[in-house]
Amino acid sequence: MALDPDDPRPPYQQVANALRASILTRKLAPGDKLPSGPQLSEHYGVARMTVQQAIRVLRDEGLVVSRQGSGVFVRERTERPVGLRPHLERAFEQTRVSVDFAGFSGETLHGAIAEPLDKIRAGRLRPTSISVRLLVPDPSVPWALPAQVDDLADSPAFRARASQIVRRHTEAVVEAVNELGELGLVEDARAEVRASPAVPMFKLYVINNDEVFFGYYPVERHDLTLDGEKTPMWDLMGKDAVLFQHNADSDPESMASQYVRQSRLWFESLWDNVARPFSL
């Protein structure tokens with residue numbers, strides 16, 4: 001299908017528009033592989049460089065992702081909520097596994113990581129290294145949120161309660177990962193928890209350094225009994241946080257790759273500079 005010679009737009013934009021229309025109308029569904037560069041060049045009657053420019057436009061829009069050695073694929077759109085569990089299980093199929101988490105309690109990670117760890121114990125997965133780092137708020141310092149409903153004041157009693165929840169989930173993850181190394185099932189298995197001086201208003205997962213999941217914590221009223229008294233709190237509802245996915249691709253300057261890179265840099269800046277060991 002040759003391009004319209006009377007169309008004033010550059011050829012690469014016309015190709016990008018045609019491919020975009022196919023993606024948005026589901027002629028090309030999420031996960032579908034685009035025709036190769038030579039095939040697209042022949043189909044539209046343009047040079048290979050023109051096709052590459054068109055693909056770059058679609059990649060920057062988040063519509064496609066390039067996979068080294070495999071081709072270009074229609075992307076699962078980042079604005080659609082996703083579940084963490086299947087992606088985390090797939091990540092553990094790699095030889096080297098890394099999971100960085102920043103959030104409130106680690107409860108979701110605790111639930112999602114259990115199955116791949118069980119598969120390692122059963123010999124169904126065999127990574128050579130696992131690194132898990134959890135960054136949680138420091139319960140020994142006052143918090144701006146969660147806060148009491150009446151006066152938005154910090155609640156030491158709430159922090160004590162939250163600390164028990166954080167310890168329960170993070171300790172379970174650390175013990176499960178470290179046990180794999182102690183049993184000789186993984187050559188290098190390490191898990192560590194550090195405390196951040198700030199309470200995050202979101203949860204973040206960076207998996208294998210090339211996949212990011214991000215979600216905001218809704219703030220909702222939560223009536224609790226603290227120190228024997230009913231206390232209304234503005235609480236962070238982790239289970240209600242909707243996660244969105246971002247994948248780095250073969251273009252280091254694409255928006256997706258830059259998002260993943262900046263997420264990693266943000267995590268490292270807190271982990272290395274202001275976080276301190278969290279006593280389990």
| Sub-6.0 Å ring centroid separation between Phe104 and Trp143 |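 Phe104 vs Trp143: aromatic centres under 6.0 Å.
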| said: Between Phe214 and Phe202 (judged by ring centroids, cut-off 6.0 Å), do the two rings come close enough to count as a pair? | reply: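 Distance test on ring centres: under 6.0 Å, yes.
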| said: side-chain contact (heavy atoms from CB on, under 4.5 Å), that's the test. Do Leu63 and Val74 meet it? Break it down for me. | reply: CA-CA 6 Å; Leu63 290 171; Val74 179; over 6 Å; no
| Are Arg133 and Trp271 in a cation-pi contact, defined as NZ or CZ under 6.0 Å from the six-membered ring centre and within 45° of the axis? |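 Yes, cation above the ring, under 6.0 Å and within 45°.
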With a 4.5 Å heavy-atom cut-off, do [X] and [Y] have their side chains touching?
{"X": "Val136", "Y": "Ser105", "result": "no"}
{"X": "Leu58", "Y": "Arg20", "result": "yes"}
{"X": "Met233", "Y": "Arg221", "result": "no"}
{"X": "Glu187", "Y": "Ser129", "result": "no"}
{"X": "Glu42", "Y": "Gln39", "result": "no"}
{"X": "Val199", "Y": "Leu145", "result": "no"}
{"X": "Phe158", "Y": "Thr231", "result": "no"}
{"X": "Val173", "Y": "Leu134", "result": "yes"}

Mind listing the closest non-hydrogen atom pair of [X] and [Y] along with its distance?
{"X": "Arg48", "Y": "Ser41", "result": "N-OG, 3.8 Å"}
{"X": "Ala18", "Y": "Tyr44", "result": "CB-OH, 3.5 Å"}
{"X": "Val15", "Y": "Ala54", "result": "CG1-CB, 3.6 Å"}
{"X": "Arg59", "Y": "Ser66", "result": "NH2-OG, 2.9 Å"}

Following the transitive rule for hydrophobic clusters with a side-chain heavy-atom cut-off under 4.5 Å over Ile, Leu, Val, Met, Phe, Trp and Tyr, establish whether [X] and [Y] coincide in one cluster.
{"X": "Ile207", "Y": "Val193", "answer": "yes"}
{"X": "Val65", "Y": "Leu28", "answer": "no"}
{"X": "Met201", "Y": "Val149", "answer": "yes"}
{"X": "Leu117", "Y": "Leu185", "answer": "yes"}
{"X": "Phe267", "Y": "Tyr217", "answer": "no"}

| Which residue, Val46, Leu19, Val72, forms the side chain to side chain contact (heavy atoms under 4.5 Å, CB included) with Leu40? |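 Checked Val46, Leu19, Val72 against Leu40; only one passes side chain to side chain contact (heavy atoms under 4.5 Å, CB included): Leu19.
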| field | Option passing side chain to side chain contact (heavy atoms under 4.5 Å, CB included) with Leu88 (candidates Val99, Thr108, Asn208) | value |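 Only match with Leu88 under side chain to side chain contact (heavy atoms under 4.5 Å, CB included): Val99.
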So, [X] versus [Y]: side-chain donor-acceptor pair below 3.5 Å or not?
{"X": "Thr225", "Y": "Arg161", "result": "no"}
{"X": "Thr128", "Y": "Arg96", "result": "no"}
{"X": "Arg167", "Y": "Ser163", "result": "yes"}
{"X": "His87", "Y": "Glu211", "result": "yes"}
{"X": "Gln53", "Y": "Thr50", "result": "no"}

| task | Determine, step by step, whether Ile120 and Val186 satisfy the side-chain contact (heavy atoms from CB on, under 4.5 Å) criterion, reporting the C-alpha distance in whole Å, the side-chain angles of both residues, the deciding distance to 0.1 Å, and the verdict. | result | CA-CA 8 Å; Ile120 294 173; Val186 178; 3.9 Å; yes
Output the distance between atom [atom1] ([X]) and atom [atom2] ([Y]), rounded to the nearest 0.5 Å.
{"X": "Leu224", "Y": "Gln148", "atom1": "CG", "atom2": "CD", "value": "11.0 Å"}
{"X": "Asn17", "Y": "Ser22", "atom1": "CG", "atom2": "OG", "value": "11.0 Å"}
{"X": "Ser98", "Y": "Arg264", "atom1": "OG", "atom2": "CZ", "value": "8.5 Å"}
{"X": "Glu171", "Y": "His110", "atom1": "CD", "atom2": "NE2", "value": "10.0 Å"}

| task | Would you sort out whether Leu135 and Phe278 count as a side-chain contact (heavy atoms from CB on, under 4.5 Å), showing the intermediate values? | result | CA-CA 9 Å; Leu135 190 61; Phe278 188 96; over 6 Å; no
| query | Please walk me through it: do Tyr205 and Val212 pass side-chain contact (heavy atoms from CB on, under 4.5 Å)? | reply | CA-CA 6 Å; Tyr205 303 86; Val212 165; over 6 Å; no
| said: The test is side chain to side chain donor-acceptor pair (under 3.5 Å); show your working for Ser140 and Arg276 and say whether it passes. | reply: CA-CA 12 Å; Ser140 69; Arg276 65 178 184 82; 3.1 Å; yes
Is the count of non-hydrogen atoms from other residues, nucleotides or ligands lying under 6.0 Å from [X] atom [atom1] greater than 12?
{"X": "Arg126", "atom1": "CZ", "answer": "no"}
{"X": "Asp227", "atom1": "CG", "answer": "no"}
{"X": "Tyr259", "atom1": "OH", "answer": "yes"}

| field | Glu107/Arg168 under salt bridge (charged side-chain N to carboxylate O under 4.0 Å, His left out): CA gap, chis, key distance, verdict | value | CA-CA 9 Å; Glu107 182 177 359; Arg168 180 167 66 249; over 6 Å; no
| field | salt bridge (charged side-chain N to carboxylate O under 4.0 Å, His left out) between Asp154 and Arg159, intermediate numbers included | value | CA-CA 8 Å; Asp154 169 64; Arg159 283 190 280 113; 2.9 Å; yes
| task | Might you work through the salt bridge (charged side-chain N to carboxylate O under 4.0 Å, His left out) test for Glu192 and Arg190, ending with a clear yes or no? | result | CA-CA 7 Å; Glu192 183 181 357; Arg190 294 170 293 167; over 6 Å; no
